[in-house]
Student: 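Pasting in a structure now, in structure tokens, and then I'll have a few things to ask.
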Amino acid sequence: MSNENEHKGEAQKSRDFLREEIDKDLAEGRYKGVITRFPPEPNAYLTIGHTKAICINFGIAEEFGGQYNLRFDDTNPAKEGQEYVDAIKEDIRWLGFEWGEHEYYASDYFPQLYQWAVALIEKGLAYVDDQTADEIRENRGTLKDPGKDSPYRERSIEDNLDLFARMKAGEFSDGAKVLRAKIDMASSNINLRDPVMYRILHIEHHRAGNEWCIYPIYDWAHGQSDSLEGVTHSMCSHEFINNRPLYDWYIEKLGIFPSRQIEFARGNITYTALSKRYDRQLIEEGHADGWDDPRLYTLRGLRRRGCPPEAIRRFWTEVGIARRPNNIDISLLEFCIRDQLNKTATRRMGVLDPLKVVIENYPEGESEELQAINNPEDESAGTRAVPFSRELYIERDDFMEDPPRKFFRLAPGREVRLRYAYFITCTEVIKDDNGEIVELRCTYDPATRGGNAPDGRKVKATMHWVSAQHAVEAEVRLYDRLFKVENPLKAPEGGTWTDNLNPDSLQVLNPCYLEPSLASTEPGSSCQFERLGYFCADSKDHTAEKPVFNRTVTLRDSWARAQKQQQQQKK
RNA sequence: UGCCUCCUAGCACAAUUGGUAGUGCGCCUGAUUCUGGUUCAGGAGGUUCUAGGUUCGAGCCCUAGGGAGGCAGCCA
């Protein structure tokens with residue numbers, strides 16, 4: 001009671017216009033409760049772009065104690081299929097929403113839609129048009145100029161009823177006729193220039209089979225489906241704003257439950273090309289490895305990359321909702337991923353670019369186990385044992401022979417801490433004929449076991465390491481942004497958009513050396529490689545014998561940032 | 001050039017509906033730390049697209065202009 005806001009969580013963020021509109025509708029008694037829907041077309045895999053609509057529709061319904069429906073907008077059998085239905089359901093569940101019994105299909109409404117179409121014909125509000133697709137397009141006019149009435153516009157109701165019935169009966173070939181709403185060919189809103197309601201398609205539907213050869217167009221199916229389901233708030237992206245007058249027209253003329261469509265701006269994200277068309281091209285041309293390529297922003301790709309679903313939901317609440325065009329910085333998503341994983345991911349040690357270290361005063365052939373904390377942010381995660389021995393691997397860039405002033409890590413004569421283990425001091429650098437460093441000789445201080453010096457002396461760096469004889473060999477895939485420019489769809493002069501691809505978006509490291517506990521990681525699960533980043537055991541290729549990890553995102557790294565800045569200054 | 005929507009720090013959004021601008025991310029500084037992570041403290045950064053007008057007072061209302069995006073599938 002002391003602070004009501006504390007219990008509201010996300011909802012206490014200042015209210016966006018959608019929630020305000022719903023508040024108003026409820027207060028005015030326009031609707032008694034809240035029912036929303038997410039209406040995917042089952043013709044592609046979901047991307048992070050779709051999840052904004054899911055989070056808004058499902059999230060708001062949940063918040064208002066209402067109901068949310070998953071409805072497949074399966075009105076175009078030419079492009080749709082069951083495999084997408086299954087994939088979409090799986091992806092939404094992974095995101096964290098459960099629609100329960102409220103799973104619907106526009107195709108289940110085909111009979112009702114047909115009856116309503118007949119009703120509109122009877123009211124003189126719809127007619128069968130014999131014009132070809134080209135003629136219809138020509139007569140629609142342009143953005144500036146009004147359209148022309150179809151020569152078939154004034155057919156009698158009887159003729160229309162008869163023709164429409166025969167369309168349904170399969171008497172006509174694809175494209176021979178359409179049913180159109182009779183509205184206004186001179187409307188400044190092109191959607192109102194006698195929009196097509198039905199087209200003839202002699203194609204089997206993945207659910208309705210061969211029962212139908214006429215299929216409703218989006219505008220004619222969508223609003224009516226909303227109404228049938230009692231959807232109160234049909235929240236969709238901005239590009240449908242010009243369709244709203246038509247949405248309202250159908251509902252009004254039919255006199256059915258008045259669902260309300262409200263539009264919000266879709267979320268554009270820097271460095272991404274969120275569209276099935278572009279993803280498909282990337283896959284077909286081999287720039288990406290399939291719909292679950294970890295560099296893609298499909299939900300399958302994100303999942304395989306190791307992005308937790310909580311991060312995606314958090315991302316959209318951080319972004320907020322507005323009507324203005326936007327371009328969200330991808331680093332906000334990265335922040336959400338790190339923040340989530342920081343709280344939940346167990347810590348492990350893994351060396352990606354190994355440099356051998358021999359502890360000269362550590363007895364040969366011996367080893368011991370040291371206790372390491374699994375997650376400093378979560379005490380309940382407990383501890384584990386990590387083996388230590390005379391020969392170790394450390395990260396190559398944790399050593400510099402001739403370090404600059406602010407480099408705190410290992411260097412000749414310098415003492416650092418090996419995490420959870422000992423202080424070591426570098427005594428000798430061994431190089432090959434090319435002058436390449438191949439090995440370091442060090443000594444350790446047995447008194448610092450566990451990582452602290454009894455005499456209280458400090459070191460400036462703590463480094464991760466792996467015992468050579470106990471290490472597990474693994475492949476690690478370092479993913480980076482797929483594109484090197486913020487807006488990948490903007491082709492460079494004289495080139496195409498794929499010229500924007502980042503050639504270094506995937507770097508495969510092999511062999512990497514990981515602490516032994518990592519071999520038993522479950523495919524798909526995440527952990528932090530200390531000091532490096534968050535990694536995820538690959539859901540396809542990872543096995544105990546041959547571990548494969550994907551880098552989800554690096555840790556924030558102020559040292560790397562400073563380095564980068566220095567390099568840029570030199571230029 | 002028609003219609004629709006929009007314009008507030010680098011990015012995304014707020015501003016109790018007319019009372020001289022805040023939040024998160026990003027950036028910078030410092031403290032803490034067995035992760036150059038986390039956490040904490042502090043800081044920089046805005047002519048609220050422009051110009052007029054109404055008003056004691058305008059980010060908000062009015063007028064004009066500018067800019068961005070969407071719309072001409074028998075796709076959704």
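The figures here come from the full heavy-atom set of this structure, side chains too, leaving out hydrogens, waters and symmetry mates. As the structure is a prediction and not an experimental result, all values here were calculated from the model. Convention: sequence-line order gives letters A, B, ...; per-chain numbering from 1.
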Student: May I ask you to say what A:D219 touches in the nucleic acid, namely base, sugar-phosphate or nothing, with a heavy-atom cut-off under 4.0 Å?
Tutor: nothing
Student: So, do A:F335 and B:rG26 meet the stacking rule of ring centres under 5.5 Å and planes under 30°?
Tutor: no
Student: Nearest-Å distance, CZ (A:F17) to C1' (B:rA14)?
Tutor: 14 Å
Student: Please confirm whether the shortest side-chain N or O distance from A:S558 to OP1 or OP2 of B:rG37 is below 4.0 Å.
Tutor: yes
Student: Would you indicate what A:K460 reaches in the nucleic acid, counting non-hydrogen atoms under 4.0 angstrom: base, sugar-phosphate, or nothing?
Tutor: nothing
Student: Could you state the CG-P distance from A:N487 to B:rG10, rounded to the nearest angstrom?
Tutor: 20 Å
Student: Among the nucleotides B:rC27, B:rC11, B:rG36, which one has an atom lying closest to any side-chain atom of A:D557?
Tutor: B:rG36
Student: Do we see A:Y218 stacking on the base of B:rA76, given a limit of 5.5 Å between centres and 30° between planes?
Tutor: no
Student: Categorize A:P376 for me: base, sugar-phosphate, or nothing, with a 4.0 angstrom heavy-atom threshold over every strand shown.
Tutor: base
Student: What contact category does A:E41 fall into here, base, sugar-phosphate, or nothing, at under 4.0 angstrom with non-hydrogen atoms?
Tutor: sugar-phosphate
Student: Measuring to OP1 and OP2 of B:rA76, would you say a side-chain N or O of A:R199 lies under 4.0 angstrom away?
Tutor: yes
Student: Would you measure the distance from the C1' atom in B:rG45 across to the matching atom in B:rU23 and give it in whole Å?
Tutor: 15 Å
Student: Below 30° counts as parallel, above 60° as perpendicular, anything between as tilted: where do the rings of A:F535 and A:F529 land?
Tutor: parallel
Student: Under 4.0 angstrom, heavy atoms only, what part of the nucleic acid is A:I241 near: base, sugar-phosphate, or nothing?
Tutor: sugar-phosphate
Student: With sugar-phosphate meaning primed atoms plus P, OP1 and OP2, does A:Y215 contact a base, only sugar-phosphate, or nothing at under 4.0 Å between heavy atoms?
Tutor: nothing
Student: Would you indicate what A:A133 reaches in the nucleic acid, counting non-hydrogen atoms under 4.0 angstrom: base, sugar-phosphate, or nothing?
Tutor: base
Student: Taking the side chain of A:T142 as its heavy atoms from C-beta onward, which of B:rA72, B:rU17, B:rG26 lies nearest to it?
Tutor: B:rA72
Student: Measure the distance from CZ on A:R409 to P on B:rG37 and round it to the nearest whole Å.
Tutor: 11 Å
Student: Give one of base, sugar-phosphate or nothing for A:R323, where a contact means two heavy atoms less than 4.0 Å apart.
Tutor: sugar-phosphate
Student: Quick check on the 6.0 Å ring-centre criterion: do A:Y247 and A:F240 meet it?
Tutor: no
Student: Please classify the nucleic acid contact of A:E486 as base, sugar-phosphate, or nothing, using heavy-atom distances under 4.0 Å.
Tutor: nothing
Student: Report the nucleotide, chosen from B:rC25, B:rC71, B:rC13, that has the shortest atom-to-atom distance to any side-chain atom of A:I190.
Tutor: B:rC71
Student: Classify the nucleic acid contact of A:F72 as base, sugar-phosphate or nothing, counting any heavy atom under 4.0 Å across all strands shown.
Tutor: nothing
Student: B:rC75 P sits how many Å from A:R140 CZ, rounded?
Tutor: 11 Å
Student: Looking at B:rU38, does its base get a donor-acceptor pair with the side chain of A:R556 below 3.5 Å?
Tutor: no
Student: Counting the atoms with a prime plus P, OP1 and OP2 as sugar-phosphate, which does A:V196 contact under 4.0 Å by heavy atoms, base, sugar-phosphate, or nothing?
Tutor: sugar-phosphate
Student: Which nucleotide, B:rG70, B:rG69, B:rC11, lies nearest any side-chain atom of A:D329?
Tutor: B:rC11
Student: Is the glycosidic torsion of B:rG73 within 90° of 0, making it syn, or is it anti?
Tutor: syn
Student: Is the glycosidic torsion of B:rU16 within 90° of 0, making it syn, or is it anti?
Tutor: anti
Student: Taking only Lys NZ, Arg NE, NH1 and NH2, and the carboxylate oxygens of Asp or Glu, determine whether A:R449 and A:E368 approach each other closer than 4.0 Å.
Tutor: yes
Student: Tell me whether the centres of the aromatic rings in A:F264 and A:F17 are closer together than 6.0 Å.
Tutor: no
Student: Which whole-number value in Å describes the distance from A:N243 CG to B:rG70 P?
Tutor: 15 Å
Student: Look at A:E310 together with A:R314 and state whether they make a salt bridge at an N to O cut-off of under 4.0 Å.
Tutor: no
Student: Using atom P of each nucleotide, how far apart are B:rG70 and B:rG37 to the nearest Å?
Tutor: 41 Å
Student: Closer than 4.0 angstrom, basic N to acidic O: yes or no for A:R155 and A:D130?
Tutor: yes
Student: Specify the separation, in whole Å, of atom CG of A:D194 and atom P of B:rC74.
Tutor: 12 Å
Student: Side chain of A:E263, base of B:rU5: donor and acceptor closer than 3.5 Å?
Tutor: no
Student: Report the distance from atom CE of A:M349 to atom C1' of B:rG37, rounded to the nearest whole Å.
Tutor: 15 Å
Student: Separation of A:Y198 atom OH from B:rC74 atom P, in whole Å?
Tutor: 16 Å
Student: If the threshold is 4.0 Å, N to carboxylate O, is there a salt bridge linking A:K148 and A:E138?
Tutor: no
Student: Is any side-chain N or O of A:E377 under 3.5 Å from a base N or O of B:rG37, one able to act as donor and the other as acceptor?
Tutor: yes
Student: Is A:R244 side chain donor-acceptor paired with the B:rU5 base, going by distance under 3.5 Å alone?
Tutor: no
Student: Under 4.0 angstrom, heavy atoms only, what part of the nucleic acid is A:L418 near: base, sugar-phosphate, or nothing?
Tutor: nothing
